[in-house]
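Structure first, then comments.
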Amino acid sequence: MLTLKFIQENKETVIDRLKVKNMDATTLVMKVIDLDNLRKSTQNQLDNTLAEINNISRQIGILMKNGQAAEAGQVRQKTTELKERSKELGISINETEKELNNVLVLLPNLPHSSVPTGKGAEDNEIIREGGVIPQLGDASFPHWDLAKKYNIIDFELGNKLTGSGFPVYIGKGAKLQRALISFFLDEASKAGFVEVMPPLMVNEDSGFGTGQLPDKEGQMYHVGLDNFYLIPTAEVPVTNIYRDVILESSSFPVKNTAYTPCFRREAGSYGKDVRGLNRLHQFDKVEIVVIEHPDRSYDTLELMVDHVERLVKKLGLPYRIVKLCGGDMSFTSALTYDFEVFAAGQQKWLEVSSVSNFESFQANRLKLRFRDENDKKTKLAHTLNGSALALPRIVAALLENFQTPDGIRIPECLVPYSGFDMID
RNA sequence: GGAGAAAUGGCAGAGCGGUCGAAUGCGGCGGUCUUGAAAACCGUUGUCCGGGUAACUGGACCGGGGGUUCGAAUCCCUCUUUCUCCGCCA
């Protein structure tokens, strides 16, 4: 959520920048400004009325103390009208604030100045590529065939237990999951991220804090009886650790990593790219989250990209890093790099990580601030996060790229974790 | 799940209807003293929304929401959380 102050002071910039996200925000911005001005003037009236009431009450207090009950009764008369008025103003200000918030929440984050304009994935900018795409020849299979052949992932069994998009990992398939999780967590720890293990369900406040609510409500599984949401990513509970927190600037950067399962309803995405592991309702992911000083958040974003790049390199997967164009970026992000790995069985690039700087957009919702060393004032921090990494598509690429006639070769870096070097 | 108790500033803890944003202690920050440090002493110490170039100033906040009252941290209702006891249980 953008701050009111920023919108008031930079309305042209806001409208201009949001064009990069293919949005004409003119009406919304004007509405925000109007409502905010109304809010301010109403607040002013209310404050003045309350000040008067406070004043009278104080007088009555003094009179009562002096035993002048009759005089106190007289003064009391004056308050009826004022009370009425303050009540009305209170209601009106509530309505205005509600309306203001409803509009404010519709404004996406401003894209960073380096974000290319564009409509969709085809306009993204390839930043770097690495690794070698394996030439498998004719006898190459997509991972869903390999999973069946070696009996390591059973999609149909998942259908029986739950529904589509909930696979069952078996034997070496299950161990490979565990190996990847441990590998990713250890790498994150080595890079200075503090491991946390958060709850997998969150309340409404947390869902709002990171921006999933209200606009992505339908994408989360909702536990109605207790009004909890299953987390779509560890970003939600981990970032919300810092909700309503004022940090000292000496504590920057705050770096956390967490492994969690992620639950996504993926409503509306049926049909396309959903085979096998490509799109699941439940999957495992290791996330990295950083809270950083505004002056350094973009340097930190690069460091996070470097970290993820090291991971895909160690796994030996062909990859490319793309900078998302305005049209392909998420609502909350100011700058996003996606990592894609090539899955040779499907001959497809699969997105395995998304690393973003949200600047103060989430922090404003979270009320996540820090005390500036120079002027001692509280300011909004910057939040960043990235997948490091999401498992299913990594597994898909590993299975497909490292398939051999004798079985599937496990990358060296994983062998200490898996305990085997071949799936056969 | 049942019965009871509680929730106050960074922490501890007073206040139980009238200048209470809130005593006191600890901690933090600044200063005096000291070669330096400690101790001692003095001062200072929350967040948010407004007005004002500023000094300063109005308002809100004592777990959340609502109510009673001229006036609520204090009374009432409700929700949440914590603690104690009982029950159930991985």
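Note: hydrogens, waters and symmetry copies are ignored here, and every other heavy atom, side chains too, is used. Here is how names work: the chains are called A, B, and so on, in the same order as the sequence lines, proteins then strands, and each is numbered from 1.
With B/C48, B/G58, B/C70 as the choices, the nucleotide that has an atom nearest any side-chain atom of A/Ala51 turns out to be B/G58. Comparing B/G50, B/G59, B/U47 by their closest approach to the side chain of A/Ile246 singles out B/U47.
Distance CG (A/Leu38) to P (B/C49): 18 Å, rounded to an integer number of Å. Rounded to whole Å, the distance from CG on A/Leu50 to C1' on B/U57 is 16 Å. Rounded to whole angstrom, the span from the CG atom of A/Asn94 across to the C1' atom of B/G65 amounts to 12 Å. Whole-Å rounding puts the A/Ile93 CD1 to B/G50 C1' distance at 10 Å. The distance between atom NZ of A/Lys87 and atom P of B/G71, rounded to the nearest whole Å, is 11 Å. A/Ile53 places its CD1 atom 14 Å from the C1' atom of B/G58, with the value rounded to the nearest Å. At whole-Å resolution of the value, CG in A/Leu368 and C1' in B/C48 are 16 Å apart. In this structure, NZ of A/Lys377 is placed 14 Å from C1' of B/U47, rounded to the nearest angstrom.
Spacing between B/U44 and B/G36 at atom C1', rounded to whole Å, works out to 25 Å. Between the P atoms of B/U74 and B/C61, the separation comes to 11 Å (whole Å). Taking the C1' atom of each, B/A6 and B/C79 are spaced 16 Å apart, rounded to whole Å. When the C1' atom is used for both B/G2 and B/G67, the distance is 29 Å, rounded to whole Å. Nucleotides B/U78 and B/A23 are separated by 31 Å at their C1' atoms, to the nearest Å. As rounded to the nearest Å, B/G10 and B/G28 have C1' atoms that lie 8 Å from one another. Rounded to the nearest Å, the gap between the C1' atom of B/U80 and that of B/C70 is 32 Å. With C1' as the reference atom, B/C16 and B/A72 are 11 Å apart, rounded to whole Å.
Nucleotide B/G17 has no partner under the Watson-Crick or G-U criteria, as no pair reaches both atom distances under 3.5 Å. Checking B/U69 for Watson-Crick or G-U wobble geometry (two distances, each under 3.5 Å) identifies no partner in any strand. Nucleotide B/U34 forms no Watson-Crick or G-U wobble pair with any nucleotide shown, as no partner meets the under 3.5 Å limit on both distances. Across every strand in view, B/C26 sits in a pair with B/G10 that passes the Watson-Crick or G-U test at under 3.5 angstrom. Pairing for B/A39 is absent, judged as Watson-Crick or G-U wobble with the two contacts each under 3.5 Å. In this structure B/U47 sits in a base pair with B/A60, meeting the Watson-Crick or G-U test at under 3.5 Å. Using Watson-Crick or G-U wobble geometry with both donor-acceptor distances under 3.5 Å, B/C85 finds its partner in B/G2. The pairing partner recorded for B/G52 is none, the criterion being a Watson-Crick or G-U wobble arrangement whose two distances lie under 3.5 angstrom.
When the side-chain nitrogen and oxygen atoms of A/Asn54 are compared with OP1 and OP2 of B/G59, one or more of them lie within a distance under 4.0 Å. Residue A/Asn55 places no side-chain N or O under 4.0 Å from the OP1 or OP2 atom of B/G71. Taking 4.0 angstrom as the limit, A/Arg58 places none of its side-chain polar atoms (N or O) nearer than this to OP1 or OP2 of B/C70. Using a 4.0 Å cut-off, some side-chain N or O of A/Arg39 falls inside it from OP1 or OP2 of B/G50. Side-chain N/O atoms of A/Arg371 include none lying less than 4.0 angstrom from OP1 or OP2 on B/G46. Regarding contacts with the backbone of B/G71, a side-chain N or O of A/Lys83 is found under 4.0 angstrom from either OP1 or OP2. Look at A/Thr378 and you won't find any side-chain N or O under 4.0 angstrom from OP1 or OP2 of B/U47.
Nucleic acid contact for A/Thr79: sugar-phosphate only, since backbone atoms but no base atoms lie under 4.0 Å from a heavy atom of the residue. A/Ile56 comes within 4.0 angstrom of nothing in the nucleic acid, heavy atoms only.
Ion pair A/Arg310/A/Glu187 not flagged as a salt bridge, since none of the NZ, NE, NH1 or NH2 atoms sits closer than 4.0 Å to an Asp/Glu carboxylate oxygen. A salt bridge links A/Asp372 with A/Lys379: the distance from a Lys NZ or Arg NE/NH1/NH2 to an Asp or Glu carboxylate oxygen falls below 4.0 Å.
Projected onto RNA chain B by closest heavy-atom contact, A/Lys376 and A/Glu52 fall at different nucleotides, the more 5' of which corresponds to A/Lys376. Along RNA chain B, the nucleotide closest to A/Arg369 and the one closest to A/Gly61 are compared, and the more 5′ of them pairs with A/Gly61.
Residue-to-nucleotide contacts include no donor-acceptor pair under 3.5 Å from the side chain of A/Asp47 to the base of B/G59.
Judged purely by atom type and a 3.5 angstrom limit, A/Asp154 uses its side chain to pair as donor or acceptor with the backbone of A/Leu157. Under the 3.5 Å distance criterion, the side-chain polar atoms of A/Glu287 are left unmatched by any main-chain donor or acceptor of A/Ala234.
Aromatic pair A/Phe193/A/His307: ring centres closer than 6.0 Å.
For A/Lys148, the NZ atom counts as loosely surrounded, since its 6.0 Å shell holds 12 or fewer non-hydrogen atoms of other residues, nucleotides or ligands. For A/Met201, the CE atom is loosely surrounded, since the number of other residues' heavy atoms within 6.0 Å does not exceed 12.
Classified by interplanar angle (parallel below 30°, tilted 30° to 60°, perpendicular above 60°), the ring pair A/His281/A/Tyr221 is perpendicular.
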